[in-house]
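I have placed the structure first, in the form of structure tokens, so that the comments after it can refer back to it.
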Number of protein chains: 2
Amino acid sequence: MKWLRTLILFERGGVLESPDWGDLHQSYLRAIAKIDNPRGSGRLKLREKVRQPNGQWSRNGVNYLKARFLEHMKGDEGWLPEGLVQLKSEAISPELRLYPSMMPHREPVTSTFGGFDFVTSGTQGAKVAIEWETGNISSSHRSMNKLAIALQLGIIQVGVLIVPSRSLYQHLTDRVGNISELSGYLNMWAGMATGIERGLLAVTVVEHDDLTVDEAFPYLTVGMDGRAEQGRKKGRLAE
Amino acid sequence: MKWLRTLILFERGGVLESPDWGDLHQSYLRAIAKIDNPRGSGRLKLREKVRQPNGQWSRNGVNYLKARFLEHMKGDEGWLPEGLVQLKSEAISPELRLYPSMMPHREPVTSTFGGFDFVTSGTQGAKVAIEWETGNISSSHRSMNKLAIALQLGIIQVGVLIVPSRSLYQHLTDRVGNISELSGYLNMWAGMATGIERGLLAVTVVEHDDLTVDEAFPYLTVGMDGRAEQGRKKGRLAE
DNA sequence: TATGGATCCATA
DNA sequence: TATGGATCCATA
């Protein structure tokens, strides 16, 4: 798989020059580079999306890519995924006002923050959280918001979102995260550095190496998640 | 439908005391109150979720609720939904840095912001955007982020998200937006008031009036969106 | 084609 | 039960 670029949204306290970050970045770039298809080929080759006779698109599922990334990070790169950074709802219950009573109101925080895809410690101890984002694009917003909050609370010092390029996006499950649809919001997240003593927020963009229109080349498996059955049924009807 | 509370995340420049806001709030509270089921009953009664023999849950679809809200806002309340606030990608292309080159980088903004569910002008001219959030909870994050950016850019002066209570949430399509799962993030959005001269960001929580376990009482229609077919097929298999 | 959405799944 | 996710839909 091809790494395209890493965007630094903000950085405070020298994390950018630290081995914590430098080593981690090199490491996860290797883990990305090793994601290949067919397995062992050394390159990530994907069949292009194709419109079927019934008007539906055939595309690649996303589970394989994520599984390979985590496999490489834990195996080859030797990172130990530590306990989830359980963002306890500490100090995040906001003091608001109710309308129209104008009464002060503290909305109870009744949900916990779930974990990140990958949480570990850098070579010098910085806490790191990485999100591999191939869920829905709206899920990328939650991921970025969560990373920003974890940085603000000092629970992590490095937060990374890995996201498909717009070009890759087109050949994966419809509406997955992609850098294009995040681009208009980057400025907002970049503005969340205020008050952070030590922290770095980055977005890394990835892409396939090759595309093919070879009809004999299988798509990456599509899971049963989401509305899969809906599409499968249509496919069967068209058979 | 029952209004539970309206939370003011932030307010600047006196919007809170303006008729723009006061009139709008009264108006959309009326529009919410009129959402009923069965139609004409004056109360929103929903059948409780039920676990089927195959382990799956039966729940209410969400399209009806949103349609009724918009119907009341446009019809009874007389609001004219104006052209979408097309958040043009102005001044939001962030100045970032690339790593490891450290080169300055301006990520091109290659996606436009889509519209809001409802956009109009207040009685004194304030621009208003309302989001009725019954999409996936992650979609609520995008909605809130978008409202915050529109307020920061001065394109709107009032931004409102209407979202189900946790109690209502349980009886609707799995994983729709709900106040509980947003609660840990409210503080973040409340902090985005910086630099805004005139603007208000609010979250309004709504709920059903009544629940029933009557098996003869129909669920609100479930659409073909998402993974609907998947569930339907399971249902058929169990028949 | 592009964006917001609705739906059900997987797993701790 | 709760949270993050994967999938396909509707519509301008």
(message) Rounded to whole Å, please give me the gap between CZ in Arg51(B) and C1' in dC9(C).
(response) 14 Å
(message) Is the phosphate of dT3(D) approached by Lys146(A) (side-chain N or O, under 4.0 Å from OP1 or OP2)?
(response) no
(message) Which is more 5' along DNA chain D, the nucleotide nearest Lys49(B) or the one nearest Ile137(B)? Just name the residue.
(response) Lys49(B)
(request) Can you run down the salt bridge (charged side-chain N to carboxylate O under 4.0 Å, His left out) pairs that involve residues 143-170 of chain B, sequence neighbours left out, and say none if there aren't any? (result) Arg166(B)-Glu181(B)
(request) Please check the phosphate of dA6(D) (OP1 and OP2 only) for any side-chain N or O of Thr134(A) closer than 4.0 Å. (result) yes
(message) As a quick check of understanding, evaluate side-chain contact (heavy atoms from CB on, under 4.5 Å) for Met188(B) and Met144(B), giving each step before the final call.
(response) CA-CA 10 Å; Met188(B) 181 192 81; Met144(B) 288 297 288; over 6 Å; no
(request) Ignoring backbone atoms, test whether Arg175(B) places a side-chain nitrogen or oxygen under 4.0 Å from the OP1 or OP2 oxygen of dA6(C). (result) no
(message) From CG of Asp174(A) over to C1' of dA6(C), roughly how many Å is that when rounded to an integer?
(response) 13 Å
(request) Could you tell me whether the phosphate oxygens of dG4(C), OP1 or OP2, come under 4.0 Å of any side-chain nitrogen or oxygen in Ser138(A)? (result) no
(message) Tell me every residue that passes side-chain contact (heavy atoms from CB on, under 4.5 Å) with Ala148(A), counting only those two or more places apart in sequence or in another chain.
(response) Met192(A)
(message) From CG of Leu70(B) over to P of dA10(D), roughly how many Å is that when rounded to an integer?
(response) 18 Å
(message) Can you identify which nucleotide, out of dT3(D), dC8(C), dT7(D), has its nearest atom closest to the Ser111(A) side chain?
(response) dT3(D)
(request) Apply the side-chain contact (heavy atoms from CB on, under 4.5 Å) test between Val160(B) and each candidate in Ile130(B), Thr6(B), Val203(B); give the one that qualifies. (result) Ile130(B)
(request) Look at the side chain of Asn178(A) and the backbone N and O of Ser165(A), then say whether any donor-acceptor pair between them is shorter than 3.5 Å. (result) no
(request) For the side chain of Thr112(B), starting at C-beta, report the closest nucleotide among dT7(D), dT7(C), dT3(C). (result) dT3(C)
(request) Write down the distance between CG (Asn145(B)) and P (dT3(C)), rounded to a whole number of angstrom. (result) 16 Å
(message) Counting only side-chain heavy atoms from C-beta out, which of dT1(D), dC8(C), dA6(D) sits nearest to Val222(B)?
(response) dC8(C)
(request) Rounded to the nearest angstrom, tell me the gap between atom CG in Asn136(A) and atom C1' in dC8(D). (result) 10 Å
(message) Of the options dG4(C), dT3(D), dT1(C), whose atoms approach the side-chain atoms of Glu181(A) most closely?
(response) dG4(C)
(message) Which nucleotide wins on minimum distance to the side chain of Asn63(A), given the candidates dA6(C), dT1(D), dA6(D)?
(response) dA6(D)
(message) If the cut-off is 4.0 Å, is Gln56(A) near the phosphate of dC9(D), judged by side-chain N/O to OP1 or OP2?
(response) yes
